[in-house]
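Atom set for the values below is all heavy atoms of this structure, side chains included, hydrogens, waters and symmetry mates excluded. Lettering of chains follows the sequences in order, A, B, ..., and the numbering in each one begins at 1.
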Number of protein chains: 2
Amino acid sequence: MGRWEPDANGRMVRAAMELFAERGFEQTTAGDIAARAGVTERTFFRHFADKREVLFDSSRTLERTAVEAILAAPADDTPLDAALAGMLAAGGLLEDRHEHSVRRFAIISANPGLQERELLKLAALAEATAGALRGRGVAEPAATLAAQSAVTVFQVGFARWVSAEQPPGIGVCIADAAAALRALR
Amino acid sequence: MGRWEPDANGRMVRAAMELFAERGFEQTTAGDIAARAGVTERTFFRHFADKREVLFDSSRTLERTAVEAILAAPADDTPLDAALAGMLAAGGLLEDRHEHSVRRFAIISANPGLQERELLKLAALAEATAGALRGRGVAEPAATLAAQSAVTVFQVGFARWVSAEQPPGIGVCIADAAAALRALR
DNA sequence: AGCATCGATGTCAGGCACTGACATCATCAG
DNA sequence: CTGATGATGTCAGTGCCTGACATCGATGCT
């Protein structure tokens, strides 16, 4: 494994979360994070493409979970239903990490650069979702539209989930947002 | 006005478009753009917050146009209809700049960092749209959902408009995308 | 045990993005 | 003609990120 202690990756992620919460994203240098994690700045950039990426280490997992759920959804589900099933599955990964999600949300909300990166990850999620829908035989532009709509529902539901005092399940938040979307005319 | 020739801003925008098309975004330094525009690198950063921003100089205009159209939409329009009216108005600004839009789209598509910035601008457009809908009395989360849906329609319509060999009007592309969205179940 | 191998890490040098501070120049009001 | 104002130029400096190379730790083979 590594030269010293194991799980350098996790240590850097945790160090970054701490430092960003303490002093803010811009007031934290990549070297600061590396130092707290007990590695070198160079090592930090071997694990993460850039400074922001350290906050998005689990986005691929989220994506994969969504895609699998979409492909496993009942064959007679509409494209939107299937996509929403993917969002519910993705949300499930966060269900027991509410506090962590709240902290992370606060950090990202405080910095435009991080919001930018979050949007890119959500766009990737939407594209993966659209790809899964196409795998189910959905044609364009329906695949893209359903995928993007589902991700929007995820965003709205997630925002309520992290903002609520007495948080309901994230599944409820997503389902409510989905209902509100369908109510649009 | 300026110390030398007028319209330094426009010169920098044009120089950037040329250089990005010639060598790509990453292979172009801020100093390169400034030099071709006949100014200093420092002046470039006085006009644009960062190197990417030079490609998004007109996004505020787009936003303002959309908001005005939404506020001017018939009172009995549904939230989604009003938001889509805003998108059509915004698209109208691009109607007679098809070639420029194609070139710009190609540049942005070739670079993840620029896509990130584009997503941020679209998110800002969505937020402005949601604000305009709230101004019409639309409550949350309907305002956000309708706004985001409209922006998605804009994206899909725009993508077809810049990709089509024989381009129809951008209004047609947006209207078609809107119809496809409503056809989702 | 001894040795070769391989991946992860450390070290170093350097380019580019971006910023603060200060000087300079063009324009315009008076 | 002069002072004020705003845009530009100049300069120094920090931080992000990368390439190249050396080094270490674990693993497998003999």
Side-chain angles (χ1 to χ4, degrees), chain A residues 1-57 107-108 110-118 120-121, chain B residues 1-57 107-108 110-118 120-121:
Chain A
M1 249 291 176
R3 194 120 114 189
W4 307 101
E5 301 303 309
D7 193 22
N9 204 288
R11 263 156 42 223
M12 287 188 272
V13 169
R14 284 186 290 276
M17 286 272 301
E18 293 170 13
L19 288 167
F20 293 165
E22 290 171 15
R23 339 172 180 162
F25 178 78
E26 302 199 346
Q27 282 63 48
T28 304
T29 73
D32 292 338
I33 302 170
R36 181 169 295 200
V39 294
T40 304
E41 180 184 333
R42 190 64 183 88
T43 291
F44 177 87
F45 285 113
R46 282 202 184 90
H47 284 255
F48 307 103
D50 58 55
K51 197 177 115 182
R52 306 176 209 170
E53 203 67 14
V54 69
L55 281 182
F56 299 88
D57 204 35
I107 292 170
I108 293 175
N111 183 277
L114 291 172
Q115 294 171 42
E116 235 178 335
R117 181 56 49 83
E118 169 109 308
L120 191 66
K121 297 302 185 187
Chain B
M1 246 294 176
R3 194 122 113 187
W4 308 99
E5 301 303 308
D7 193 23
N9 204 288
R11 263 154 45 219
M12 287 188 272
V13 170
R14 284 187 290 276
M17 286 272 302
E18 292 170 15
L19 288 166
F20 294 165
E22 290 170 14
R23 339 172 181 163
F25 177 79
E26 302 198 348
Q27 281 63 46
T28 304
T29 73
D32 293 337
I33 303 170
R36 182 170 294 200
V39 294
T40 304
E41 180 184 336
R42 190 65 184 88
T43 291
F44 177 87
F45 285 113
R46 281 202 185 90
H47 283 256
F48 307 103
D50 59 53
K51 197 177 116 183
R52 304 176 208 168
E53 202 67 14
V54 69
L55 280 182
F56 299 89
D57 204 35
I107 292 171
I108 292 175
N111 184 277
L114 290 173
Q115 294 170 42
E116 235 178 335
R117 180 56 50 82
E118 170 110 307
L120 191 66
K121 297 302 184 185

*How is Thr40(A) classified with respect to the nucleic acid when contacts are heavy atoms under 4.0 Å: base, sugar-phosphate, or nothing?*
base
*asked:* So if I take residues 11-28 of chain B and measure heavy-atom distances to DNA chain D, which residues fall below 4.0 Å?
replied: none
*Mind listing the closest non-hydrogen atom pair of Phe48(B) and Met12(B) along with its distance?*
CE1-CB, 3.9 Å
*Can any side-chain N or O of Arg11(B) pair as donor or acceptor with the backbone N or O of Pro6(B) at less than 3.5 Å?*
yes
*Is there side-chain contact between Lys121(B) and Glu53(B), with heavy atoms separated by less than 4.5 Å?*
yes
Pair up each side-chain donor or acceptor in residues 33-41 of chain B with any protein partner under 3.5 Å, not counting sequence neighbours, and list the distances.
{"residue": "Arg36(B)", "atom": "NH1", "partner": "Glu18(B)", "partner atom": "OE1", "Å": "2.8"}
{"residue": "Arg36(B)", "atom": "NH1", "partner": "Glu22(B)", "partner atom": "OE2", "Å": "3.1"}
{"residue": "Arg36(B)", "atom": "NH2", "partner": "Glu22(B)", "partner atom": "OE1", "Å": "3.3"}

*Would you say the side chain of Arg117(B) lies within less than 4.5 Å of the side chain of Asn111(B), judging by non-hydrogen atoms?*
no
*Would Arg23(B) and Asp32(B) satisfy side chain to side chain contact (heavy atoms under 4.5 Å, CB included), going step by step from the backbone distance to the final call?*
CA-CA 11 Å; Arg23(B) 339 172 181 163; Asp32(B) 293 337; 2.9 Å; yes
*Taking only heavy atoms on the protein side, list every residue of residues 42-56 of chain A lying under 4.0 Å from any atom of DNA chain D, sorted numerically.*
Arg42(A), Phe45(A), Arg46(A), Ala49(A), Asp50(A), Lys51(A)
_Distance, nearest 0.5 Å, that separates NZ of Lys51(B) from CZ of Phe25(B)_ = 4.0 Å
*Evaluate the side-chain proximity of Ile108(A) to Phe56(A): yes if any heavy-atom separation is below 4.5 Å, no if none is.*
yes
*Find the distance Asp32(B):CG to dC16(C):P and express it as a whole number of Å.*
8 Å
